[in-house]
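Accompanying notes for the structure given below.
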2 protein chains.
Amino acid sequence: MIQINYHDSRPIYEKVKDSLRQLILSGALPEGDRLPSVRELAVSLTINPNTIQRAYRELEQEGYIVSVPGKGSFVARGGGARAARMAELKEKLSALAAEFEAVGVSRAEMADMLKEEKP
Amino acid sequence: MIQINYHDSRPIYEKVKDSLRQLILSGALPEGDRLPSVRELAVSLTINPNTIQRAYRELEQEGYIVSVPGKGSFVARGGGARAARMAELKEKLSALAAEFEAVGVSRAEMADMLKEEKP
DNA sequence: TAACTGTATTAACTCAATTAGTACAGTTGC
DNA sequence: GCAACTGTACTAATTGAGTTAATACAGTTA
């Protein structure tokens, strides 16, 4: 279900978060679907349950999933996941715009880059 | 000359790099100017010289400064610093565009956000 | 009741970041 | 020449976030 890239030196819980977020946003994990339990995923990835728990806790704080003690963790309903992601990305875009402006590049010029430099 | 924010948990050498890069890009440190020596800056910030050396080494690899054994470290001439920064920022923008596209937001829509959502 | 859930807590382990100490070669001014 | 600077390189010790490990407790479900 999830693959962990060991050539990437980022923390494991970050990689687990990224993988799950991608699965959710791509629709591979539809709204309301139950995620593997903390223990299941830990065994599946040969990772400590505490590390998975941390990933789940942060995904819940960010609005991607909802965890219910005794029942399980579920993909957030009502477009919560996409809304959470859009908020994150807009924040990133705003921060990047500030960095560009520090080098004298306006938002309009950034917009031009986006349209012209299609790789 | 440089202030280090201790409420920021990023590595010290990263903070030193960011501070110097900002001083260079803002023009506070003009092209060709000599930076404080590794040992000077280490004493000034109460940081180990090796940590400063790492920041300088990476700034040189990225094209912001030029280090000459025996003489010192100098702000890169010929617009090297700005060129280096622009390359980094364009790379960031491209990566962010890919993230937006994964959520179904096109580059054109990103461009619109930049023009409209002026904070 | 048994076997699942999420959650919490404490202690040990790992490894990158950092510190510390030392050394060497090139530059500069006396 | 030489003293006092430079950048650079290397090894060893220390620190702290990330991770593992083990255990416990309360809610859910068949």
Side-chain angles (χ1 to χ4, degrees), chain A residues 1-20 24 29 32-77 80-81, chain B residues 1-20 24 29 32-77 80-81:
Chain A
M1 177 180 187
I2 293 183
Q3 302 286 344
I4 296 299
N5 178 12
Y6 287 97
H7 301 287
D8 178 347
S9 65
R10 290 156 56 223
I12 299 175
Y13 73 91
E14 289 279 1
K15 296 182 234 176
V16 172
K17 279 180 61 179
D18 285 352
S19 295
L20 288 174
I24 293 172
L29 283 174
D33 259 33
R34 189 173 165 281
L35 298 171
S37 79
V38 169
R39 292 172 180 82
E40 272 177 7
L41 190 53
V43 170
S44 160
L45 299 179
T46 322
I47 290 174
N48 191 278
N50 290 329
T51 304
I52 304 295
Q53 186 189 341
R54 177 166 183 179
Y56 277 25
R57 186 200 318 138
E58 297 193 3
L59 284 173
E60 181 172 30
Q61 286 171 349
E62 294 166 13
Y64 290 99
I65 69 176
V66 176
S67 292
V68 183
K71 298 192 71 174
S73 298
F74 305 85
V75 178
R77 293 182 181 277
Chain B
M1 177 179 189
I2 292 182
Q3 302 286 344
I4 296 298
N5 177 13
Y6 287 97
H7 301 287
D8 178 347
S9 65
R10 290 156 55 224
I12 298 176
Y13 74 91
E14 288 280 0
K15 296 183 236 176
V16 173
K17 280 180 62 180
D18 284 353
S19 296
L20 289 174
I24 292 171
L29 283 175
D33 259 32
R34 188 172 166 281
L35 298 172
S37 79
V38 168
R39 293 173 178 81
E40 273 176 6
L41 190 53
V43 170
S44 159
L45 298 179
T46 323
I47 289 175
N48 192 278
N50 291 328
T51 305
I52 305 294
Q53 185 190 343
R54 176 165 182 179
Y56 277 24
R57 186 200 318 139
E58 297 194 2
L59 283 173
E60 181 173 30
Q61 287 172 348
E62 294 166 13
Y64 290 100
I65 69 177
V66 176
S67 293
V68 183
K71 298 193 69 174
S73 298
F74 306 85
V75 177
R77 292 182 181 278

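Letters go in sequence order (proteins before strands), and every chain restarts at 1.
- Positionally, the nearest nucleotide of DNA chain D for B:N50 lies more toward the 5' end than for the other of B:N50 and A:P11.
- Nucleotide D:dA21 holds its P atom 13 Å from the CD1 atom of A:I52, rounded to whole Å.
- The side chain of A:S73 contributes no N or O atom lying less than 4.0 Å from OP1 or OP2 of C:dT5.
- Residue-to-nucleotide contacts include no donor-acceptor pair under 3.5 Å from the side chain of A:R54 to the base of D:dG18.
- Contact between the side-chain N/O atoms of A:S67 and the OP1/OP2 oxygens of C:dG6 is not found at any separation under 4.0 Å.
- Taking OG1 of A:T51 as the reference point, atom CG of A:L45 lies at 10.5 Å (rounded to 0.5 Å).
- For A:R10 and D:dG18, the shortest distance from a side-chain N or O to OP1 or OP2 is not below 4.0 Å.
- Position along DNA chain D of the nearest nucleotide to A:T46 versus A:V68 favours A:T46 as the more 5'-ward residue.
- At D:dG7, none of the side-chain N or O atoms of B:R57 fall inside 4.0 Å of OP1 or OP2 (strictly under the cut-off).
- A donor and an acceptor atom sit less than 3.5 Å apart, one in the side chain of A:R39 and one in the base of C:dT7.
- Closest to the side chain of A:V38, from the set D:dT19, C:dG6, D:dT6, is C:dG6.
- For D:dG7, neither phosphate oxygen OP1 nor OP2 lies less than 4.0 angstrom from any side-chain nitrogen or oxygen of B:Y56.
- Annotation: the span from B:I24 atom CD1 to B:D33 atom CG amounts to 10.0 Å, rounded to 0.5 Å.
- When the P atom of C:dT14 is taken as reference, atom CD1 of A:I12 falls 14 Å away, rounded to whole Å.
- The side chain of A:T51 contributes no N or O atom lying less than 4.0 Å from OP1 or OP2 of D:dT19.
- Around CZ of B:R34, the count of heavy atoms belonging to other residues, nucleotides or ligands within 6.0 Å exceeds 12.
- The shortest distance between side-chain heavy atoms of A:Y56 and A:P36 falls below 4.5 Å.
- Dashed line: the shortest gap from a side-chain N or O of B:K71 to OP1 or OP2 of D:dG7 is not under 4.0 Å.
- Of the candidate nucleotides C:dT7, D:dT20, C:dT19, C:dT19 has the atom nearest to the side chain of B:I47.
- Annotation: the span from A:Q53 atom CD to A:S73 atom OG amounts to 9.5 Å, rounded to 0.5 Å.
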